[in-house]
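The block underneath contains the structure these notes are about, expressed in structure tokens.
Worth saying up front: this structure is predicted, and the values here are computed from it rather than measured.
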Amino acid sequence: MRSGLFSRRSIRPASVLSVGSAKIKLLLACCALFTVIALSGRTASWSQYTVSSSRSHLPRTGYTLLINTWKRNDLLKQSISHYASCPGLDSVHIVWSEPDHPQESLVSLLNQVLKSNAKDGREIELKFDINKEDSLNNRFKEIKDLKTDVVFSIDDDIIFPCATVEFAFNVWQSAPDTMVGFVPRIHQKGELNKYIYSGWWSVWWTGTYSMILSKAAFFHKKYLRIYTHEMPSSIREYVTRNRNCEDIAMSFLVANATGVPPIWVKGSIFEIGSTGISSLGGHNDRRTQCINRFAAQYNRMPLVPTSVKAVDSRHTWLW
């Protein structure tokens with residue numbers, strides 16, 4: 001599956017900022033040529049981050065909101081109400097793994113929310129993807145009737161401003177085979193050729209990441225098919241049994257297919273719900289076990305570290 005679709009050396013610095021480059025930018029601000037450089041830099045894009053063959057992967061309309069939820073209808077309503085106003089939203093698919101089917105009152109309410117909040121009279125399709133089994137793998141189960149080529153995978157308890165979402169969508173359009181999102185994590189080498197899962201503070205401290213969590217990420221719909229039918233079944237079984245690491249499994253899958261790192265987009269996160277499994281004791285230890293198990297399944301470490309992130313320069317006074 002490794003296709004080597006991208007070349008990291010082709011990323012243009014005017015479109016991205018390396019983590020920790022603020023001092024360099026401050027020095028450039030003092031140069032007389034800064035204005036010329038900035039104006040010319042605005043014409044640069046992420047287009048060279050992919051190859052021409054991937055242009056056929058660009059979405060026909062917009063993106064599908066693939067939202068994962070569990071017995072939190074109030075948060076589900078709040079999230080859908082917000083994202084309905086985002087101009088690129090084409091449809092909403094709700095990953096439903098609860099024992100009872102959604103009530104008609106909930107379906108009617110969410111359809112009304114979409115109709116009320118959608119801009120310019122757009123009709124946004126709403127579908128519930130019903131699952132008989134309660135498994136974290138359900139969030140990546142293949143959806144054959146998707147109308148867009150890209151999904152925006154999101155948890156029901158976090159919200160991003162529409163402008164931030166649309167910017168990330170634009171970044172993904174120029175690199176449609178990789179993951180683009182807001183929550184970076186890093187794997188690090190430990191002792192005895194083992195790996196360690198590290199969270200946000202390690203990303204902040206080192207300026208490096210190798211994963212984008214699927215709780216807020218854009219990726220091509222083809223990865224749902226690959227996750228469901230082509231990824232080693234032992235990985236899906238491990239995720240179901242341990243109720244953890246489906247997001248790490250997806251990061252491994254995409255990295256293995258592309259051979260390049262994901263893209264971290266800078267954005268503010270607004271948490272509207274209670275804490276999840278990440279707040280439980282021993283969470284990082286379990287994630288470390290996942291990384292080493294998955295690397296053994298692939299017979300190598302496919303994750304690629306990077307220190308590059310995408311920043312919307314329209315909202316940055318110094319870039």
E125 side chain near D90 side chain, heavy-atom distance below 4.5 Å: no
Electrostatic pair D157:R72 at N-O distance under 4.0 angstrom: yes
ILVMFWY network linking I196 to M211, side-chain heavy atoms under 4.5 angstrom: no
No-hydrogen, no-angle side-chain donor-acceptor test under 3.5 Å, Q173 and Y63: no
Distance, nearest 0.5 Å, that separates CE of M179 from CG of L253: 9.5 Å
N/O donor-acceptor pair under 3.5 Å between R236 side chain and M231 backbone: yes
Centroid-centroid distance, W204 to W264, less than 6.0 Å: no
Spatial distance of atom OG (S198) from atom CG (N284) [nearest 0.5 Å]: 7.0 Å
side-chain contact (heavy atoms from CB on, under 4.5 Å) between I158 and F270, intermediate numbers included: CA-CA 6 Å; I158 54 176; F270 298 93; over 6 Å; no
Backbone of H82 reached by a side-chain donor or acceptor of S85 within 3.5 Å: yes
Worked check of side-chain contact (heavy atoms from CB on, under 4.5 Å) between I143 and L66: CA-CA 10 Å; I143 304 174; L66 184 61; 3.7 Å; yes
Gap between atom CG of D149 and atom NZ of K222 - 0.5 Å precision: 10.0 Å
T148 side chain vs T64 backbone, donor-acceptor pair below 3.5 Å: yes
K71 vs P99 side-chain heavy atoms within contact, under 4.5 Å: yes
Point-to-point distance, once rounded to the nearest 0.5 Å, from OG of S251 to CZ of F294: 10.5 Å
Backbone N/O of N244 and side chain of N242: donor-acceptor pair under 3.5 Å: no
Any V260 side-chain heavy atom under 4.5 Å of V304 side chain: no
Non-hydrogen atoms of I212 and A217 that approach each other most closely: CG2-CB, 3.9 Å
CG-CD1 distance between L65 and I80, expressed to the nearest 0.5 angstrom: 7.0 Å
Working for side-chain contact (heavy atoms from CB on, under 4.5 Å), residues R139 and M250: CA-CA 11 Å; R139 73 179 305 163; M250 179 57 84; over 6 Å; no
Common cluster, W70/I94, ILVMFWY with side-chain heavy-atom separation under 4.5 Å: no
Nearest atoms (heavy-atom pairs only) where P305 meets I186: CB-CD1, 4.4 Å
Side-chain donor or acceptor of Y238 paired with backbone N/O of R243 under 3.5 Å: no
pair P262-V254: side-chain heavy atoms closer than 4.5 Å: no
Stepwise side-chain contact (heavy atoms from CB on, under 4.5 Å) check, Y195 with K189: CA-CA 5 Å; Y195 299 97; K189 282 190 175 182; 3.9 Å; yes
Approximate separation, where rounding is to 0.5 Å, of Q297 CD and N256 CG: 12.0 Å
Side chains of E166 and P87 in contact at under 4.5 Å (non-hydrogen atoms): yes
Path from L75 to I269 over hydrophobic side-chain contacts below 4.5 Å: yes
Check: I235 and Y298 side chains under 4.5 Å, non-hydrogen atoms: yes
Side-chain donor or acceptor of Y223 paired with backbone N/O of D177 under 3.5 Å: yes
Within 6.0 angstrom of N193 CG, more than 12 heavy atoms from elsewhere: no
Check: T258/T178 side-chain N/O donor and acceptor closer than 3.5 Å: no
Nearest heavy-atom neighbours spanning A216 and F152: C-CE1, 4.0 Å
Flag for E104-S108: side-chain donor and acceptor within less than 3.5 Å: no
Given D129, N131, T228, the one that forms side-chain hydrogen bond (donor to acceptor under 3.5 Å, both in side chains) with K141: N131
Sidechain-backbone polar pair: E246 side chain, V239 backbone, donor-acceptor under 3.5 Å: no
Nearest non-hydrogen partners of H187 and I291, listed with the distance: CB-CD1, 3.9 Å
Plane angle bin for W172 and F169 - parallel if under 30°, tilted between 30 and 60°, otherwise perpendicular: parallel
R122 side chain vs A84 backbone, donor-acceptor pair below 3.5 Å: yes
Ring geometry between W96 and F128 (parallel below 30°, tilted from 30 to 60°, perpendicular above 60°): perpendicular
Side-chain donor-acceptor pair present, Y83, N117, cut-off under 3.5 Å: no
Minimum side-chain heavy-atom gap S307-Y209 below 4.5 Å: no
Salt-bridge present (D145, K127; N to O < 4.0 Å): yes
Pairing residues for W205 by the ring-ring contact (aromatic ring centres under 6.0 Å, His included) criterion, not counting sequence neighbours: none
Minimum heavy-atom distance between S214 and D247, given as atom pair plus value: OG-CB, 3.2 Å
Ring pair (Phe, Tyr, Trp, His ring centres under 6.0 Å), paired with Y227, selected from F252, F140, F219: F140
Shortest non-hydrogen separation from N138 to S97 and the atoms involved: ND2-OG, 2.8 Å
Side chain proximity check, I272 to S79, heavy atoms < 4.5 angstrom: yes
